[in-house]
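Below is one structure, written out as structure tokens, with a few remarks after it.
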Amino acid sequence: MTEEKSLNFLEEIIEKDLATGKYQSIATRFPPEPNGYLHLGHAKSICLNFGLALKYGGKTNLRFDDTNPVTEETEYVESIKNDVKWLGFQWSEELYASDYFDQLYAFALNLIQKGLAYVDDSTSEEIAEQKGTPTQPGKNSPYRTRTTDENTKLFEAMKAGRYRDGEKVLRAKIDMAHPNMHMRDPILYRIKHARHHRTGDAWCIYPMYDFAHGQSDAIEQITHSICTLEFVPHRELYDWFIQQLEIYPSKQYEFARLNMTYTMMSKRKLLQLVNEGHVHGWDDPRMPTLSGVRRRGYTPAALRDFCEKIGVAKRDNLIDVSLLEFCVREHLNRIAERRMVVFDPLKVVITNYPEDKTEELPSENNPEAEIPTTRTMPFGRELWIEQEDFLENPPKKYFRLAPGQLVRLKSAYIIRCEEVIKDAAGTVTELRCSYIPESKSGHDTSGLQVKGVIHWVSCAHAQRAEVRLYDRLFLQEDMNAAEGDFRQHLNPHSLVTKHVWIEPALATAKTGEHFQFLRMGYFCLDTDATREKLIFNRTVTLRDMWAKAGKGGN
RNA sequence: UGACCUAUGGUGUAAUGGCAACACAGCAGAUUUUGAUUCUGUUAUUCUAGGUUCGAGUCCUAGUAGGUCAACCA
């Protein structure tokens with residue numbers, strides 16, 4: 001299989017840079033701000049940055065962009081490291097923008113010396129006023145003409161803590177009429193008397209993103225600094241600092257962020273969902289966070305495959321969530337062991353099966369496995385089957401149980417429905433069936449051809465468990481375009497809890513294991529589960545052509 | 001009424017001036033002790049108008065549409 005994969009635009013740039021000898025090897029970085037949990041959008045960035053370095057034999061740093069002490073916490077640092085590792089990537093160095101505070105301060109002084117930065121006493125409102133608008137040029141600040149000496153002293157005083165928050169800022173001196181708003185004397189440093197998660201109280205001035213990011217890249221000699229499209233206008237500033245400071249010329253490249261149908265990726269709004277109790281936490285299995293999808297049962301391999309499949313480009317996109325589900329199913333189909341679980345039980349009594357008899361019937365764990373293994377399932381006279389696997393008046397191509405009709409109990413026998421028992425209200429409460437002894441799975445000499453195969457559990461041996469069924473969090477396909485408050489688009493049925501009957505083998509299920517509940521979907525043990533109370537999350541449903549055709553009823 | 005980015009099936013992504021392809025989704029069929037998986041087939045695509053060229057999805061110009069930019073956030 002000669003797989004001639006075409007290159008994405010970043011791979012093309014890198015291959016060219018390597019071919020021309022511009023770089024001997026490449027260096028990328030994944031630069032999250034530790035102010036929240038990572039989500040699927042970050043996964044795309046992680047796979048990109050680490051994937052590129054892996055492919056071209058380079059390195060990737062994990063760098064925390066921690067220049068704003070009031071939003072950042074160590075808790076987030078730990079969860080981010082955990083998520084990156086879980087996704088399957090190993091960073092070269094763990095670094096922090098705050099590692100460079102001394103260096104960044106020196107850079108600022110350098111700019112002041114060159115007459116390219118000044119201390120401004122304007123209020124934030126005044127500075128906003130001076131900026132102008134995209135269609136109108138800005139105005140120079142009255143403090144723009146301060147001398148180098150004055151600026152140096154003032155900036156040192158800012159650092160020394162002689163001013164309150166907001167009293168002064170350090171600004172670059174560029175061009176207040178520049179067509180790019182980011183070039184209109186951007187703020188370099190602001191005063192924040194706040195405790196930083198790593199540097200504590202050592203600093204009361206903190207660099208802005210634009211004054212920290214490119215320089216951090218330069219310090220680490222990042223060759224390809226890859227970020228999302230909204231940073232395109234920042235690139236000019238990024239290059240300007242590097243040029244004026246005469247430091248390593250890292251280059252910034254931008255790609256389109258991930259958008260997914262029925263999903264929202266905004267950190268701020270996700271935080272709102274958590275804080276307002278619409279979900280049960282950052283790791284709620286309905287959340288698009290990595291901790292959420294992990295708990296739900298998505299695998300790192302499936303996520304990496306997904307990131308590979310969605311590709312990388314510069315145009316806005318809205319990825320169909322069914323592609324993600326496809327990737328998850330494809331992986332789980334290979335690795336998940338099969339189990340039988342009855343969600344809505346209907347009792348079946350096999351009238352010609354001895355009351356005191358129990359058989360241990362082998363059932364294959366995974367038909368996809370190279371080396372097949374089996375477990376045994378106890379079979380007895382009384383069984384639970386799924387309510388929807390019986391219909392008193394079945395439509396044309398209904399392969400399941402109906403009065404007088406045959407079905408196979410998976411890995412067991414073929415049974416025939418002989419009698420339907422109902423309660424006073426006319427609800428079916430029990431089926432009395434006969435089994436065909438010669439139809440035993442693996443030793444079938446009955447010669448019967450049965451189209452329908454259903455799952456079951458033995459009443460005498462089945463155990464209880466809770467099952468949590470998840471559906472999309474939002475009803476609107478494109479949440480970026482959704483009108484009104486995003487919360488009004490929440491799906492009220494995104495979580496449905498059921499109490500089900502599980503086969504005995506499931507009693508020893510462990511966290512991190514993946515199962516396919518036959519015909520019901522892929523499941524994993526939830527982190528809330530205990531030995532006494534088993535709880536399973538539905539990771540994803542199975543494809544279901546029958547239900548899709550609307551023939552499943554209900 | 002500015003600057004910048006983008007425009008290929010329903011959704012993504014390729015095609016690097018030379019036969020518009022791959023995946024998902026959809027539809028149809030075969031196989032199947034999961035109406036799963038697997039396999040086969042199938043529907044559907046270059047924003048518009050000019051230009052360059054033997055030849056344009058690709059290059060140029062203009063238009064149109066969508067997105068981004070005016071935090072002491074990142």
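So that the names make sense, note that chain A is the first sequence line, chain B the second, and so on, each numbered from 1.
Distances shorter than 4.0 Å separate none of the side-chain N or O atoms of Ser6(A) from OP1 or OP2 on U13(B). Of the side-chain N and O atoms in Arg519(A), one or more sit less than 4.0 angstrom from OP1 or OP2 of G35(B). At C73(B), one or more side-chain N or O atoms of Lys192(A) fall inside 4.0 Å of OP1 or OP2 (strictly under the cut-off). OP1 or OP2 of C73(B) lies within a sub-4.0 Å distance of a side-chain N or O belonging to Arg190(A). In this model, the phosphate group of C22(B) is not approached by any side-chain N or O of Lys309(A) to a distance below 4.0 Å at OP1 or OP2.
Remark: the Thr135(A) side chain and the U1(B) base include no donor-acceptor N/O pair separated by less than 3.5 Å. For His234(A) and A74(B), a side-chain-to-base donor-acceptor distance below 3.5 Å is present, hydrogens and geometry of angles not being considered. Within 3.5 Å, no donor on the side chain of Arg329(A) pairs with an acceptor on the base of U37(B), nor the reverse. With hydrogens and angles ignored, a donor-acceptor pair under 3.5 angstrom links the side chain of Gln516(A) to the base of U34(B). Side chain Arg315(A) to base U6(B): no donor-acceptor pair is found below 3.5 Å.
Look at the C1' atom in both C72(B) and U68(B): the space between them is 22 Å, to the nearest Å. Atom name C1', nucleotides U13(B) and U8(B): the rounded distance is 10 Å, in whole Å. Separation of the P atoms belonging to G67(B) and G17(B) is 32 Å when rounded to the nearest angstrom. With both ends at atom P, the span from G50(B) to G18(B) equals 23 Å, rounded to whole Å. Using atom C1' as the reference point in both C47(B) and C54(B), the two lie 27 Å apart (nearest Å). Of the C1' atoms belonging to A3(B) and C59(B), the separation is 24 Å, rounded to the nearest Å. The separation of C27(B) from G51(B), taken at their P atoms, amounts to 44 Å, rounded to a whole angstrom. Using C1' as the reference atom, U37(B) and C4(B) are 48 Å apart when rounded to the nearest Å.
Between Phe211(A) and Phe241(A), the angle of the ring planes goes over 60°, which puts this pair in the perpendicular group of the 30/60° scheme. Aromatic ring pairs are classed by plane angle as parallel below 30°, tilted from 30° to 60° and perpendicular above 60°; the pair Phe101(A) and His196(A) is perpendicular.
Residues Met479(A) and Thr261(A) fail the side-chain proximity criterion, which asks for heavy atoms closer than 4.5 Å.
For Leu542(A), counting side-chain heavy atoms from C-beta on, the closest listed nucleotide (C5(B), U34(B), A70(B)) is U34(B). Side-chain atoms of Asn68(A) lie closest to A74(B) of the nucleotides C27(B), A74(B), U34(B).
There is a side-chain donor-acceptor pair under 3.5 Å between Tyr37(A) and Glu75(A).
The aromatic ring of Trp546(A) is stacked on the base of G35(B), with the two ring centres less than 5.5 Å apart and the planes inclined by under 30°.
Geometric assessment of Arg339(A) against the ring of Phe515(A) yields a negative cation-pi assignment under the 6.0 Å and 45° thresholds.
Look at Arg257(A) and Glu230(A) and you find a salt bridge, because one of the NZ, NE, NH1 or NH2 atoms lies within 4.0 Å of a carboxylate O, short of that distance.
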